[in-house]
Amino acid sequence: MKIAIIGNGGREHALAHQLSISKKITKIYSIPGNAGTEEISLNININLENFNDLYDFINKEKIELVVVGPEKPLVEGLVDFLESKNIKVFGPRKKVAKLEGSKIFTKELCEKFNIPTAKFKICKSKKDSFKFLSSFNFPLVVKADVLAAGKGVYICQNVDEAKDAVNEIFDGKFGRADQVLIEEFLEGDEMSFFIISDGISYKTFNTAQDHKRVGEGDTGKNTGGMGAYSPSSLINDDLENKILDKIIEPTLKAISEMNEKYIGFLYAGLMIKNNEPYLIEYNVRMGDPECQTILPLIDSDLLEIIDACCNSKLVTQDIKWKNKKSMCIVLCSKGYPEKYSQNVEIENLKEFKSTKDNFIFHAGTKSLENKILAVGGRVINFVNISDKYSSSRKEIINQIKKLNWENGFYRSDIGHKVIDK
Ligand code: AMP
Ligand code: GLY
């Protein structure tokens, strides 16, 4: 089967790697891909703002299945467009991708279907927000109602910080804003919980723990994710049943009441307190770097699973998982998540190959004249699977030290809650 993967991050390299081991695969196109995907697929640079150009290429090359990695094309309706052209595509349609595209849409859905989440208020003006802020306890969270790669979320310790956040959002920092979301700050431990769905049935797709802050000890600015491990140490049968009964199933019911169906990965960002789950947010895709740490644990053919989802036949699939622990540490460009240098060469990277237990997934890289250059903030994902998180972390850190990239930095404490107790 000839397939195309849309996206250029670590998540998409991990998808390309896992799909490349399928018995059914004949050719993979990465659109646009990175220096890592280039080794296992054909990178094609198509402007994703123009869906027609993408369709022309898919049609010309007789690509049989398209897997969409990132949220932006999903929220913009790429799935609806390709379906209208009779292309088989894995990912949710625009109407349900609003679960990630609009935090207010999701909050209203939670309210209607009684899904546990932080208490909230939608405010339609600065005045409305300021009036409301005086009645809320601190800390609280102010959120812009747009896709902002995690940057539209402000955790505020006092009224002044909250007012600044409201002002920034209404003043257009993330584009035009007609409303903001103000919500209660939830205490507890975060967990990333995944399902895969074919629109009729769904299966769980493992759990992970992400480290979003840039600094050791989970301090400093929020990032896209500095590392992750899977499975999450928080998960147990009782908690999983609660997540499915109280969060996932009511959400799928809400979608079916909209006369829609959910095809793709669904990622619930949860806060867990006293073994009770609360929904923080939905993402309509795999997490990054959660995907890089989860996929190497699969002991089934991922292409068969995804293809079955597109044919409404997920029930025929038995998704098996290796009984191992997995960890991912992200090597970033110095300065990330603020300013960092572009086009810095990473020497010797070509010598690092994925093996049975070690995986190298590129993110912000490109190749130029036989060199690999760093072009993004998050650059390379080092993944290891083993019987113990501590062994995986040790092995990954050895690998990173061996690479010895001068412009790179990483967090050496990924998994501290499960290792360094
Ligand atoms: P979001 O983009 O909504 O997932 O928010 C980004 C991050 O902000 C989350 O991963 C949490 O760490 C934090 N966060 C968001 N909402 C809340 C909340 N209501 N209570 C506590 N932390 C939150
Ligand atoms: N790792 C967080 C995300 O993918 O949104």
Side-chain angles (χ1 to χ4, degrees), residues 7 9-12 14-15 69-72 74-75 97 99-107 110 115-122 136-157 162 165 169 174 180-194 205-214 218-230 232 264-273 276-295 328-330 332 337 361 363 377-378 381 411 414 417:
R11 169 183 46 217
E12 287 75 29
L15 281 164
E71 59 277 18
K72 191 164 175 279
L74 294 168
V75 170
L99 283 173
E100 177 162 2
S102 166
K103 290 178 189 297
I104 290 180
F105 171 82
T106 299
K107 283 304 229 187
C110 287
I115 294 170
T117 186
K119 290 194 191 75
F120 68 99
K121 170 94 178 146
I122 297 158
F136 228 85
N137 290 331
F138 285 84
L140 59 69
V141 189
V142 178
K143 296 184 179 182
D145 192 34
V146 288
L147 273 189
K151 295 189 190 82
V153 174
Y154 298 77
I155 304 203
C156 307
Q157 303 299 335
I169 294 171
F174 307 99
V180 295
L181 178 64
I182 301 179
E183 61 179 53
E184 165 199 22
F185 179 81
L186 294 172
E187 305 274 355
D189 290 306
E190 279 190 65
M191 177 170 86
S192 305
F193 185 90
F194 300 88
F205 204 77
N206 221 324
T207 58
Q209 177 73 50
D210 182 16
H211 289 266
K212 288 204 171 86
R213 303 292 199 93
V214 70
D218 297 318
T219 54
K221 293 234 164 199
N222 248 332
T223 69
M226 298 294 293
Y229 55 91
S230 173
S232 162
F265 293 116
L266 178 63
Y267 159 178
L270 304 174
M271 190 67 86
I272 311 296
K273 190 175 181 190
E276 285 294 329
Y278 298 84
L279 182 70
I280 301 177
E281 61 158 358
Y282 269 128
N283 298 306
V284 293
R285 50 170 174 86
M286 275 306 282
D288 183 335
E290 289 97 325
C291 187
Q292 294 89 302
T293 197
I294 287 177
L295 290 191
C328 171
I329 301 182
V330 187
C332 300
F361 298 131
R378 293 192 291 169
N381 302 265
R411 271 184 63 176
I414 299 301
K417 283 195 180 155

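Remember, it's 1-based here, ligands and their atoms both numbered in the order they're listed. Each residue takes its place number in the sequence, starting with 1.
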Handout entry: Sequence-distant partners of A162, side chain to side chain contact (heavy atoms under 4.5 Å, CB included), two or more places apart
Key =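 Result, side chain to side chain contact (heavy atoms under 4.5 Å, CB included) vs A162: L133, F138, L140, V142, C156.
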Residue [X] vicinity, atoms of ligand 1 by number, heavy atom under 4.0 Å:
{"X": "K143", "result": "3 (O), 15 (C), 16 (N)"}
{"X": "K103", "result": "1 (P), 2 (O), 3 (O)"}
{"X": "K212", "result": "10 (O)"}
{"X": "E183", "result": "16 (N), 17 (C), 18 (C), 19 (N)"}
{"X": "E190", "result": "9 (C), 10 (O), 11 (C), 12 (O)"}
{"X": "F185", "result": "20 (N), 21 (C), 22 (N)"}

Exercise for the section: For the pair K143 and E281, find out whether any cationic side-chain nitrogen is under 4.0 Å from an anionic carboxylate oxygen. Expected result: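 Result for this pair is no, no salt bridge flagged.
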Practice task
Could you tell me whether E187 and K273 have a side-chain N and a carboxylate O separated by less than 4.0 Å?
Solution key: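 No, no charged N to carboxylate O under 4.0 Å.
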Problem - Reference residue F205; test ring pair (Phe, Tyr, Trp, His ring centres under 6.0 Å); the match among F193, F265, F194 - result: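 Result for ring pair (Phe, Tyr, Trp, His ring centres under 6.0 Å) with F205: F265.
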Compare every heavy atom of [Y] with every heavy atom of [X], then report the nearest pair and how far apart it is.
{"X": "T293", "Y": "A228", "answer": "OG1-O, 3.8 Å"}
{"X": "G225", "Y": "V330", "answer": "O-CG2, 3.7 Å"}
{"X": "R411", "Y": "H211", "answer": "NH2-ND1, 3.6 Å"}

Handout entry: Every residue of the protein that comes under 4.0 Å of ligand 2, judged on heavy atoms
Key =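 D210, K212, G224, Y267, N283, R285, G287, D288, P289, E290.
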Exercise for the section: Kindly assign one of parallel, tilted or perpendicular to the pair Y154 and F174, based on the angle between their ring planes and the thresholds 30° and 60°. Expected result: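 Because their plane-to-plane angle is over 60°, the rings of Y154 and F174 count as perpendicular.
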Practice task
Using modelled atom types only, decide if a donor and an acceptor are shared between the side chain of T207 and the backbone of S192 within a distance under 3.5 Å.
Solution key: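 No.
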Practice task
Report yes or no: does a heavy atom of M271 sit under 4.0 Å from some atom of ligand 1?
Solution key: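 For ligand 1, residue contact (heavy atoms, under 4.0 Å) with M271 is present.
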Problem - Of the listed options D210, N222, D218, closest to atom 7 (C) of ligand 1 (non-hydrogen atoms) - result: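 That would be N222.
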Problem - Geometric N/O contact L186 with ligand 1, under 3.5 angstrom - result: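 It does: an N or O of L186 is found under 3.5 Å from an N or O of ligand 1.
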Problem - Residue of the set E290, E100, R285, E71 for which side-chain hydrogen bond (donor to acceptor under 3.5 Å, both in side chains) holds with Y267 - result: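 Of all the options given, the one that passes is E290.
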